[in-house]
Amino acid sequence: METKIWYVDNPVNKDKVYPQIVDAAKNLQLGQVVAFPTETVYGLGANALSDEAVQRIFQAKGRPSDNPLIVHIANEEQLNDLVEDIPLNAKKLMDAFWPGPLTLILKSKKHVSKFVTAGLSTVGVRMPDHPVALALIESCNLPIAAPSANTSGKPSPTSAKHVYEDLNGRIVGIVDGGNTGVGLESTVIDCSQDVFTILRPGSITPEMIREVITTVEVDPSTMKENEAPKSPGMKYKHYAPDAQMHLVNGDIEFIHKLIHNSQNQGKKIGVLTTEENKTQYKADVVLACGKRSELSTVAASLYDCIRQFNDENVDIIYCETFPYEGIGIAIMNRLWKACGHSIIEQGK
Ligand code: TXA
Ligand code: MG
């Protein structure tokens, strides 16, 4: 299968009909799988009401079938077909953050394909804040199930090029709306229990959520080893570079010693740092992902950096840590997983 690219200028003009989007939407209506941009990462979409279409997503990605998918909608009317009842606090979160990078786990209706929910009684729903995604969902007039559009286990794609690298020949097409903004997947919050729980941290932070609904818990497995995650997807090795990656909690001198020792063993070494520190390192490949002084820029380029290390074939990556606050919580969660939970502490 030749994978088509539909280029769409972003921002789209709401009053204009884009033949590329109409074509992509037709493919979705026919049960095909189409990748599209969102404000977080690229999604791999299919009709959420069709078993056959949703199964194609799992085939294209090589995704384990016990990992449920998020359903994307363009307006709140679409919720009626998907979820049973909406708790008042869930409605407040929708009003505050939709369209936007927040996925709500709610009690599902039977219409949704069992392959979307992986047999659970709940379904994850979000309204993406991306004009191309919204235009596509409106144009096909279907709820769209979409995981991140990477091969399972790889970092999520933040550009159409990343999607093409992973899935060329495996899907009918990619709607190319340029690079995504946030760069990390949406915050996932379980709203199916009395006390809501964050299952996956994202750019909508616990503090932002507490401003709207006062109490929210954070699933401890998002940062602790040996805790069973409540979200099926969080247990898999994720976002992983090909090389062994280590988070290093230490100063630059300490990281230099690590680089030196590894190079003496004949290894090719990568360092993941930021603009502020990049000139300080001597390693085989030094990549700056954004600015430490502006953590949203780190989030935006993190996955692209991990993919670049793969292209450079490094053996080991040493990575600086980030403050565990605001979007730093989500950055550290992804890095910690990418490292397979390996943190090297100075002085230990
Ligand atoms: O930003 C995003 O959320 C992106 C874009 C494309 O929207 N999508 C995304 O999907 O990251 P995916 O499939 O890569 O991650 C979905 C996460 C997984 O960890 C999955 O286990 C969890 O959400 N999830 C989905 N439905 C769930 C449910 N009913 N209960 C618990 N966790 C659920
Ligand atoms: Mg994913």
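One-based numbering, in listed order, for ligands and for the atoms of each. When reading the values below, keep in mind they use all heavy atoms of this one structure, side chains included, and skip hydrogens, waters and symmetry mates.
Rounding to the nearest 0.5 Å places CD1 of Ile329 at 10.0 Å from CD1 of Ile327.
The closest donor-acceptor contact from the side chain of Asp166 to the backbone of Thr151 lies under 3.5 Å.
Ligand 1 has a nitrogen or oxygen under 3.5 angstrom from a nitrogen or oxygen of Thr40. No N or O atom of Thr38 sits closer than 3.5 Å to an N or O atom of ligand 1. Ligand 1 has a nitrogen or oxygen under 3.5 angstrom from a nitrogen or oxygen of Asn67. Residue Thr103 places no N or O, backbone or side chain, under 3.5 Å from any N or O of ligand 1.
The Mg ion (ligand 2) has an N, O or S atom of Ser148 closer than 2.8 Å.
Interface atoms of ligand 1 facing His72, defined by a heavy-atom separation under 4.0 Å, are 5 (C), 6 (C), 7 (O). Of all atoms in ligand 1, listed by their number and element, those nearer than 4.0 Å to a heavy atom of Pro68 are 20 (C), 21 (O), 24 (N), 25 (C), 26 (N), 27 (C), 28 (C), 33 (C). In summary, the atoms of ligand 1 found under 4.0 Å from a heavy atom of Ser148, numbered by their order in the structure, are 8 (N), 9 (C), 10 (O), 12 (P), 14 (O). Near Thr122, the atoms of ligand 1 lying under 4.0 angstrom from a non-hydrogen atom of the residue are 28 (C), 29 (N), 30 (N).
The environment of OH in Tyr7 is sparse: at most 12 heavy-atom neighbours from other residues, nucleotides or ligands sit within 6.0 Å.
Ring geometry for Phe36 versus His72: interplanar angle over 60°, hence perpendicular rather than tilted (30 to 60°).
Looking at Ala146, Gly43, Gly124, Pro64, it is Ala146 that brings a heavy atom closest to atom 8 (N) of ligand 1.
When the options Ile269, Val271, Asp284 are evaluated for a side chain to side chain contact (heavy atoms under 4.5 Å, CB included) with Ile316, the one that passes is Ile269. Paired with Leu104 under the rule side chain to side chain contact (heavy atoms under 4.5 Å, CB included), one option of Met127, Lys91, Met94, Arg126 passes, and it is Met94.
Heavy-atom distances between Ile70 and ligand 1 reach below 4.0 Å in at least one pair.
Listed by chain and residue number, Ile255, Thr273, Thr274, Asn277, Tyr281, Arg292 satisfy the side chain to side chain contact (heavy atoms under 4.5 Å, CB included) test with Glu320 (two or more places apart in sequence, or in another chain).
Between Val33 and Val172 the shortest heavy-atom distance is O-CG2, 3.2 Å.
Looking at Leu120 against ligand 1, only its side chain comes within 4.0 Å, counting heavy atoms. Counting heavy atoms closer than 4.0 Å to ligand 1, residue Glu39 contributes nothing at all.
The closest side-chain donor-acceptor pair between His162 and Asp304 falls under 3.5 angstrom.
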